[in-house]
Amino acid sequence: MEDVFTKDEVAKRSYEKAEKFRRDQAAQLKYAAEEGRKEGREEGLKEGIKAMIATLKELNVDKKTTIDKIMTRFNLKLNVAQRYVEANW
């Protein structure tokens, strides 16, 4: 009888350990996917800002107006918009 109990406990612990491993892996994959999406959005935002600056510059829009337009379009603070324009003018 003790032998059956011991086997059941070992099996139960083994199952619980495997389930924990599976849940941990799923959580890690979910986190990695969320971080990837976040990085992709950030990179896309940066590229969009750069493209808008380049277009406005080609249209002979002055820096101040360009700063105002990217602040509005991308909901940026003044100092952030200024840095983007200066870096990409």
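Owing to the predicted nature of the structure, the values given are computational and were not obtained by experimental measurement.
By the side-chain hydrogen bond (donor to acceptor under 3.5 Å, both in side chains) test, Lys64 pairs with Asp68, sequence neighbours left out. Listed by chain and residue number, nothing satisfies the side-chain hydrogen bond (donor to acceptor under 3.5 Å, both in side chains) test with Thr72 (two or more places apart in sequence, or in another chain). For Lys57, there are no salt bridge (Lys or Arg N to Asp or Glu O under 4.0 Å) partners at least two apart in sequence or on another chain. The salt bridge (Lys or Arg N to Asp or Glu O under 4.0 Å) test applied to Lys63 returns Glu86, not counting sequence neighbours. Every residue was checked against the side-chain hydrogen bond (donor to acceptor under 3.5 Å, both in side chains) condition with Asn60, not counting sequence neighbours, and none meets it.
Residue pairs meeting the salt bridge (charged side-chain N to carboxylate O under 4.0 Å, His left out) criterion with at least one member in residues 71-85: none, sequence neighbours excluded. Among pairs with a residue in residues 20-35, those fulfilling side chain to side chain donor-acceptor pair (under 3.5 Å) read Glu19-Arg22, Lys20-Asp24, at least two apart in sequence or across chains. Residue pairs meeting the salt bridge (charged side-chain N to carboxylate O under 4.0 Å, His left out) criterion with at least one partner in residues 44-53, sequence neighbours excluded, are Glu47-Lys50.
Grouping Ile, Leu, Val, Met, Phe, Trp and Tyr residues whose side-chain heavy atoms lie under 4.5 Å apart, directly or via other members, places Met71 in a hydrophobic cluster with Leu45, Ile49, Met52, Ile53, Leu56, Leu59, Val61, Ile67, Ile70, Phe74, Leu76, Leu78, Val80, Tyr84, Val85, Trp89.
In this structure a side-chain-to-backbone donor-acceptor pair under 3.5 Å is missing from Ser14 to Val10.
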